[in-house]
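Values reported hereafter were calculated over all heavy atoms of this structure, with side chains retained and with hydrogens, waters and symmetry mates removed.
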Amino acid sequence: MGHYEDFKRLLAAIEAYRADASIPVEAEQIDAACARILAHDPFDETAIEWKRIAELVKELNGGEWPPTS
């Protein structure tokens, strides 16, 4: 069941980013969920998309997640 919960959280984070470029407060936890998903399926398109979002946003913010409100 944990894998399903990880996937739901990941999908919600991606949808929020697509809607208004918002980053969830628990972005680091989403990163961990993404890593767990990719550990089970290295070709999971949703996890790969989050990984790309994370890399871009962190690169634009000096390697860290930006502060969230």
Is it the case that over 12 heavy atoms from other parts of the model lie below 6.0 angstrom from the CD atom of Glu64?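 Atom CD in Glu64 is not packed in, count stays at 12 or less.
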Got more than 12 heavy atoms from elsewhere within 6.0 Å of CD, Glu28?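 Open: at most 12 neighbouring heavy atoms sit under 6.0 Å from CD of Glu28.
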For Ile30 and Asp6: C-alpha separation, side-chain torsions, deciding distance, then whether side-chain contact (heavy atoms from CB on, under 4.5 Å) applies. CA-CA 8 Å; Ile30 302 295; Asp6 281 346; over 6 Å; no
Approximate separation, where rounding is to 0.5 Å, of Leu10 CG and Ile53 CD1: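 Leu10 CG to Ile53 CD1: 8.5 Å, rounded to 0.5 Å.
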Using the salt bridge (charged side-chain N to carboxylate O under 4.0 Å, His left out) rule, take Glu5 and Lys8 through it: C-alpha gap first, then chi angles, then the decisive distance, then the call. CA-CA 5 Å; Glu5 292 301 318; Lys8 284 186 355 183; 3.6 Å; yes
Closest heavy-atom pair and its distance - [X], [Y]:
X	Y	value
Thr68	Pro24	CG2-O, 4.0 Å
His40	Arg36	CD2-O, 3.0 Å
Cys34	Trp50	CB-CD1, 3.8 Å

Would you say that Lys51 contacts Ile37 through its side chain, given a criterion of any heavy-atom pair below 4.5 Å between the two side chains?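 No, their side chains stay 4.5 Å or more apart.
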Quick one: does Asp44's side chain have a donor or acceptor within less than 3.5 Å of a partner on Ala47's backbone?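 Checked: pair present.
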Grouping I, L, V, M, F, W and Y whenever their side-chain heavy atoms are under 4.5 Å apart, do [X] and [Y] come out in a common cluster?
X	Y	result
Val57	Ile48	no
Leu60	Ile23	yes
Trp65	Val25	no

Determine, stepwise, if the pair Ile14 / Thr46 fulfils side-chain contact (heavy atoms from CB on, under 4.5 Å). CA-CA 8 Å; Ile14 290 171; Thr46 305; 3.5 Å; yes
